[in-house]
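To start, the structure itself, in C-alpha cells.
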Amino acid sequence: MDRTRTAAHGRDEIRRLKAVTVPGLPFPHAAQALQIVRRRRTVRTGKVSLARVYAVSSLTVHQATAADLAERVRGHWAIENLEHHVRDVTFGEDASRVRTGSAPRAMASLRNLAIGALRLAGRDNIAESLRHHGRDMTRPPAALGLT
C-alpha cells in the first residue's frame, strides 16, 4: 500500500494505492490489480470529493512496488491532464454543444486524431499547427500522406 498527501492550489489531497496479486485475472498479462482512492478537500469551501479507480498492471510485485505504481499512475494523469488542456483550450471541447447520441465520442475521436497526427508530424504547438493547416486546404491531406 502507498499513501501520499499533498496540499497545493487550494486543495488538500490524499491518494492511496493498494496493489494485490490476483491469479487468473481475465486480462491478458495482468499481474496485479490496483485500487486507487483519491480524497480531495477544497480548503476554502471545505467540500470533499472522493474518487475510486480500479486498474490492472502487467508488472509483478517484484518489478514494481505500490509506491512505484503510484508514481507511474500520477505520471499518466499528468499526461492526460495536458492532453485534456489541449483539447479544451485549442478545440473548446468543454464548450461544445454536441451532446446527443454518439456524436460527442466521435468528435473527441476526431480531435484526438488531429492532435495525434500533428504530434507525429513533429508539431508541439497544436494551436499554431491548426492555424497553419487551416490556411491552405492542401496542407492537411499532405500532412497525412494522402497526396
Side-chain angles (χ1 to χ4, degrees), residues 1-134 139-140 143-146:
M1 182 166 145
D2 181 69
R3 183 180 185 273
T4 58
R5 183 178 189 156
T6 57
H9 308 287
R11 294 185 301 262
D12 183 29
E13 187 172 273
I14 298 170
R15 288 174 296 283
R16 286 190 334 253
L17 183 140
K18 295 178 187 175
V20 295
T21 300
V22 182
L25 283 174
F27 297 97
H29 312 291
Q32 294 187 75
L34 316 175
Q35 180 192 53
I36 305 157
V37 179
R38 291 186 316 260
R39 182 186 177 274
R40 181 181 292 169
R41 183 179 64 87
T42 304
V43 175
R44 185 174 49 84
T45 64
K47 181 181 175 188
V48 175
S49 65
L50 189 70
R52 190 176 316 262
V53 177
Y54 296 93
V56 294
S57 173
S58 62
L59 299 173
T60 67
V61 70
H62 302 294
Q63 294 172 315
T65 65
D68 296 332
L69 292 169
E71 186 176 326
R72 288 172 185 242
V73 168
R74 284 199 45 112
H76 177 74
W77 283 333
I79 293 167
E80 284 285 321
N81 193 27
L82 176 64
E83 289 303 319
H84 174 75
H85 178 76
V86 169
R87 287 195 315 265
D88 187 31
V89 173
T90 304
F91 289 100
E93 188 173 65
D94 287 350
S96 173
R97 302 200 36 101
V98 176
R99 292 188 173 85
T100 59
S102 59
R105 183 172 293 169
M107 289 302 298
S109 296
L110 290 170
R111 291 180 191 110
N112 287 337
L113 175 66
I115 292 168
L118 291 170
R119 292 222 191 273
L120 283 172
R123 302 291 191 131
D124 291 330
N125 188 328
I126 301 301
E128 186 277 325
S129 297
L130 290 173
R131 288 190 297 272
H132 171 78
H133 284 81
R139 290 177 183 163
L144 295 171
L146 301 175

Taking [Y]'s backbone N and O only, do any of them form a donor-acceptor pair with [X]'s side chain (distance below 3.5 Å, no angle check)?
{"X": "D94", "Y": "D88", "answer": "no"}
{"X": "Q32", "Y": "T21", "answer": "no"}
{"X": "R40", "Y": "R11", "answer": "no"}

Hey, are the side chains of V20 and Q35 touching, using non-hydrogen atoms and a 4.5 Å cut-off? no
Is there a side-chain contact between L59 and R72 in this structure, where contact means two heavy atoms from C-beta onward sitting under 4.5 Å apart? yes
Mind listing the closest non-hydrogen atom pair of [X] and [Y] along with its distance?
{"X": "H132", "Y": "R139", "answer": "O-NH1, 2.5 Å"}
{"X": "S58", "Y": "A31", "answer": "O-CB, 3.6 Å"}
{"X": "A33", "Y": "V22", "answer": "CB-CG2, 4.2 Å"}

Under the salt bridge (charged side-chain N to carboxylate O under 4.0 Å, His left out) rule, what pairs show up with a residue in residues 101-111, not counting sequence neighbours? E93-R111
Applying side chain to side chain contact (heavy atoms under 4.5 Å, CB included), run through R3 and I14 and close with a yes or a no. CA-CA 7 Å; R3 183 180 185 273; I14 298 170; 3.5 Å; yes
Audit row: D68, Q63, side chain to side chain contact (heavy atoms under 4.5 Å, CB included) steps and yes/no: CA-CA 9 Å; D68 296 332; Q63 294 172 315; over 6 Å; no
Crowding at CD, E71 (>12 non-hydrogen neighbours, <6.0 Å): no
Counting heavy atoms not belonging to R16, are there more than 12 under 6.0 Å from its CZ? no
At what distance, to the nearest 0.5 angstrom, does [atom1] of [X] lie from [atom2] of [Y]?
{"X": "I36", "Y": "D2", "atom1": "CD1", "atom2": "CG", "value": "10.5 Å"}
{"X": "E13", "Y": "S49", "atom1": "CD", "atom2": "OG", "value": "8.0 Å"}
{"X": "R5", "Y": "R39", "atom1": "CZ", "atom2": "CZ", "value": "7.5 Å"}
{"X": "T4", "Y": "R38", "atom1": "OG1", "atom2": "CZ", "value": "11.0 Å"}

Qualifying residue for side-chain contact (heavy atoms from CB on, under 4.5 Å) with L17, from L69, T65, V53: L69
Between L118 and L130, does a side chain to side chain contact (heavy atoms under 4.5 Å, CB included) hold up when you go through it step by step? CA-CA 9 Å; L118 291 170; L130 290 173; 3.9 Å; yes
Exercise: do N112 and S109 side chains pair donor with acceptor under 3.5 Å: no
